[in-house]
There are 4 protein chains.
Amino acid sequence: MREEARATILDAAEQVLAEQGLASTRMEDIAARVGVSVGTLYNYFEDRQALLQALLDAQGQELLARIDAELERSQGAPYRTRLPGLLRAILEHVQTHFGLFSLLQREDVRRSASTGEDLARHQHLWSEASQRLEQLGQEGIAQGELRPEDARHYPTLLLGMMQSTLSRQVLERQPLPIEEQLGVLLRCFLEGARPRSG
Amino acid sequence: MREEARATILDAAEQVLAEQGLASTRMEDIAARVGVSVGTLYNYFEDRQALLQALLDAQGQELLARIDAELERSQGAPYRTRLPGLLRAILEHVQTHFGLFSLLQREDVRRSASTGEDLARHQHLWSEASQRLEQLGQEGIAQGELRPEDARHYPTLLLGMMQSTLSRQVLERQPLPIEEQLGVLLRCFLEGARPRSG
Amino acid sequence: MREEARATILDAAEQVLAEQGLASTRMEDIAARVGVSVGTLYNYFEDRQALLQALLDAQGQELLARIDAELERSQGAPYRTRLPGLLRAILEHVQTHFGLFSLLQREDVRRSASTGEDLARHQHLWSEASQRLEQLGQEGIAQGELRPEDARHYPTLLLGMMQSTLSRQVLERQPLPIEEQLGVLLRCFLEGARPRSG
Amino acid sequence: MREEARATILDAAEQVLAEQGLASTRMEDIAARVGVSVGTLYNYFEDRQALLQALLDAQGQELLARIDAELERSQGAPYRTRLPGLLRAILEHVQTHFGLFSLLQREDVRRSASTGEDLARHQHLWSEASQRLEQLGQEGIAQGELRPEDARHYPTLLLGMMQSTLSRQVLERQPLPIEEQLGVLLRCFLEGARPRSG
DNA sequence: CATGAATGAGTATTCATTCAT
DNA sequence: GATGAATGAATACTCATTCAT
């Protein structure tokens, strides 16, 4: 199966990339991890760039699929219930693929592309995810759970808080249980840092 | 002046880096931007790594200096006044050096260091900035302006929101006036997204 | 065959080295001589230093092997017969690889090694060869053919005389038949320059 | 004084050369040793090659002068007395400048010269020294102290024995007193290694 | 004359990519 | 389809040399 082989390669690529970083990951490293020779990589991907791109695309698709699945699952539930579910889904995905998630926001991928195609894809993923969050946000507003004022910034802010939280864990090598992260995020996002009187 | 020359080089390096990205910035590009030959770069910096490191260090120092200056200026003022000032200082700096700011969170810098020294420096900058934010946060708590519960996460969350906001502007090529960003950040951070009744 | 390829490269390297000298032999020169591209050299040797080292090692091994073979062959024969055989073996080898032989006594190789490992190997080769000569010398003493007094200097002196003889031939571009060299060496070493009366 | 400055530079050059080797001695190293700037070096020597050449020439001249002085001093004395004096003079000189002496036999110097001029000078020094030894040898023959048969090889052999003796001392880091070296050399050269009966 | 910052040609080394087997 | 040796363009870095001060 062609697709199976591609997936195997992408898995290996993600591992190596997470371990060695973008710049120091050589095609041979990936091949070695898969257990094949470099030539084989080129039978499945046009070139290095295409492989990386495919990896990012795959990750993006997986994340979106996960988001959609969660939204599907919780359909009809109230915003207060759906938001935590969605955030947990994202947190879990991003934590699993943290190495790549960092890469997603990195410029190399953008820059190293001769065309601006990569940038477009990245933008696309980001905006797709934002859209889902925003849609849910509309529900929140409709249910009186969110201030409508800053609505269009909520996705960005939420994603930013998630990322910095995860980054900090990596830097300090102190992983936090997902539930705790979730609690902090929800409290701060929904209630704000200022005490609510009464 | 040796220091002057170093600064000139670092300026050029920042420009080129922001334009071309870490991976595709060659020493010759930087030299060309300064208007000197490669050899000259090596008269001022041990090697490529040292130059990049010096650049990051300089940026870090500048940011911390700016933060400290602002804190100094607003000393004694109430938290509600000081926080916006501090955030504005950070926003302005980061916006000015956005290209590099992205770099700061990129792994290449971490990975390419054999010793892991870079990681340490990055950690250090990050934690220094966080410390300042946290100290101010303590004031906020003391003045009853902040919930003490999630205090240790506030710096991380604030920095994360700032970064994602800036990232989005870059991706969408729609710069936001600083005052507006500030407004969104303060409202969301302090008041939260959920409407405050009454 | 990996070993075959390595040997081919080493052969080419020796030629180029002998023609151009250590300092002006570029990796590309060697590659060109072999008829491959530079990259290929690096498929077989870690780096320039490793290639040179391998070359010296190979030469050393070959010389020692030749010495041992000759000693083996002449085993049991009287000293007066064995010495000429041994010297001829050495002379032939050194004459064949004269370019490299000069290199062996050159400092670059020593100095360029960060670890001093090269020095050790050179010492080792030199002392291995000396040992064989010394052992044979012991036979000579036992058979009453050598004064025991300066025994420990004989190997050094013999090797020195051989080298200077060969050097002179190179400088003056007047090669001497091996048999003649052998004659001079044996007469001078054994009988001395002062006439033996009677 | 122009000549004085040149001499100072050459002294420094010899030191650095002996310490670091030909390949790793940079013009700046020499300048630093003298305590001047690189530019100054170029005020006294055309280029690096010229400086090195001047150094070798100076050494050669010094050695020849020393030999001539010794020959002058011992003029009229019997061969048996003059030879040790001459050898001692050479040994002392070579031991003093051992670093350079090694260099003298190295090919880099020859090869790195675009013209074959260096080779010529080296040949010249070598042959000048040999001539002196040979002349003395003629006396030895005339006085019945030397076999005439191998006369033209004596200088080469003597110089070779001296060099290998010195090399060995360097390699083994066990300096030998000059008198002892002299003894070994004279005995072996004059008497040979084979016992003289009766 | 001395200085030493600037120069830039020259080289070792890497690694994505190809293609004959 | 898999292989992996060969390729060679690309790049960091060095250091002899120059020349304005």
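Chain letters run A, B, ... following the sequence lines, proteins first and then strands; every chain starts at 1.
- Distance, M27(D) CE to dA5(E) C1': 17 Å, rounded to whole Å.
- Nucleotide dT17(F) holds its P atom 11 Å from the CD1 atom of I30(D), rounded to whole Å.
- Across dA5(E), dC13(F), dT13(E), the shortest atom-to-atom separation from the side chain of V38(B) is found for dC13(F).
- Comparing dT17(E), dA12(F), dT13(E) against the side chain of Y42(C) picks out dT13(E) as the nearest.
- In this structure, CG of L22(C) is placed 14 Å from P of dT11(E), rounded to the nearest angstrom.
- Salt-bridge check for E14(A) with R33(A): failed, with every basic side-chain N at 4.0 Å or more from each acidic carboxylate O.
- Going from atom CG of D29(C) over to atom P of dT11(E) covers 8 Å, rounded to whole Å.
- Considering only the side chain of T40(C), dT7(F) comes nearest among dT7(F), dC15(F), dC1(E).
- For the pair L52(D) CG and dT17(F) P, the interatomic distance rounds to 10 Å; values are reported in whole Å.
- In this structure, S24(D) contributes its side chain and Q20(D) its backbone to a donor-acceptor pair below 3.5 Å.
- In terms of position along DNA chain E, the nucleotide closest to V36(B) lies nearer the 5' end than the nucleotide closest to the other residue of the pair V36(B) and T25(C).
- N43(A) has no side-chain polar atom (N or O) that falls below the 4.0 Å cut-off from OP1 or OP2 of dG1(F).
- If G39(B) and A5(C) are placed on DNA chain F by their nearest nucleotide, the residue sitting closer to the 5' end is A5(C).
- Side-chain N or O atoms of D11(A) include none that pairs as donor or acceptor with a backbone N or O of T8(A) at under 3.5 Å.
- Side-chain proximity of Y44(B) to the nucleotides dA6(E), dT13(E), dC15(E) is greatest for dA6(E).
- Between M1(C) atom CE and dG4(F) atom P there is a gap of 14 Å when expressed in whole angstrom units.
- Base pairing annotation: dA20(E) forms a Watson-Crick or G-U wobble pair with dT3(F), both donor-acceptor distances under 3.5 Å.
- Annotation: side chain of I9(B) is not in contact with side chain of V36(B) (no heavy-atom distance under 4.5 Å).
- Distance R48(B) CZ to dA10(F) P: 16 Å, rounded to the nearest Å.
- Open room surrounds CD on E28(B); 12 or fewer heavy atoms of other groups in view lie less than 6.0 Å from it.
- Spacing between atom CZ of F45(D) and atom C1' of dT18(F) amounts to 18 Å, rounded to whole angstrom units.
- The listed nucleotides are dA12(F), dA16(F), dG8(F); the one nearest the side chain of R26(D) is dA16(F).
- Both L41(C) and E46(B) lie near DNA chain F, and the one whose nearest nucleotide falls closer to the 5' end is L41(C).
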